[in-house]
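Inspection log for the structure reproduced underneath, given as structure tokens.
Just so you know, these numbers use all the heavy atoms, side chains as well, and skip hydrogens, waters and symmetry mates. Numbering of ligands and ligand atoms starts at 1, following listing order.
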Amino acid sequence: MKVPFRRDRSGAARAAAAPAAVPEGAVRLGSLADVPEGAVRRVHDRPPIAVLRHGGTVHAFEDRCPHAGALLSRGTVNGDAVTCPSHRTVFRVDTGKSSGEFACRTLRTYPVVTVDGTVYVDPVPRSPRAARQGKCGDGA
Ligand code: FES
């Protein structure tokens with residue numbers, strides 16, 4: 001029986017086989033063991049980027065609250081969420097979604113790649129601007 005040839009148009013097979021590359025301008029974090037579990041650490045100043053390792057996965061996000069600019073690296077960690085030290089908005093570091101009285105915008109997140117056992121943060125955000133999520137408590 002002859003099986004018809006079908007071309008993979010998704011590119012998924014190619015992407016899975018291709019080795020990961022270090023993004024241009026990437027921030028080197030070191031090995032996964034160098035990133036402590038459950039602690040927020042600022043790793044880049046311009047743009048301000050912080051990382052949080054949760055459940056073995058490193059998440060990178062903007063270290064500036066989209067409400068009024070407080071440093072999230074000074075916030076409180078609860079699992080995969082960080083609470084802003086100023087007005088207590090809670091941000092999920094994997095999706096950037098927020099909740100709380102001043103939860104009006106999502107937090108920028110950044111891709112994290114591992115190449116040959118070394119973890120890097122790509123300083124180009126997944127979304128170029130923090131998306132509006134709803135109405136802010138103070139109209140910001
Ligand atoms: S500055 Fe973060 S919630 Fe207001």
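- Each of His44, Arg108, Arg42, Arg41 was checked for a side-chain contact (heavy atoms from CB on, under 4.5 Å) with Ile49, and the lone residue meeting it is His44.
- Distances below 4.0 Å separate heavy atoms of Ser86 from the following atoms of ligand 1: 1 (S).
- Residues Asp34 and Leu29 have side chains not in contact (no heavy-atom distance under 4.5 Å, counting atoms from C-beta outward).
- The nearest protein atom to atom 3 (S) of ligand 1, hydrogens excluded, is given as Thr89 OG1, 3.2 Å; this is a heavy-atom distance.
- Among heteroatoms of the N, O or S kind in His67, ND1 lies nearest atom 4 (Fe) of ligand 1.
- Distances from atom 4 (Fe) of ligand 1 to the heavy atoms of Arg105, Glu101, His87, Arg88 show the closest one on His87.
- The number of heavy atoms from other shown groups lying within 6.0 Å of CZ (Arg74) does not exceed 12.
- Residues Leu72 and Cys84 have side chains in contact (heavy-atom distance under 4.5 Å, counting atoms from C-beta outward).
- Under the 4.5 Å side-chain criterion, counting only non-hydrogen atoms from C-beta, His59 is not in contact with Thr109.
- Only the side chain of Cys65 comes within 4.0 Å of ligand 1, counting heavy atoms alone; its backbone N, CA, C and O stay farther away.
- Near Ala68, meaning under 4.0 Å from one of its heavy atoms, ligand 1 places the atoms 1 (S).
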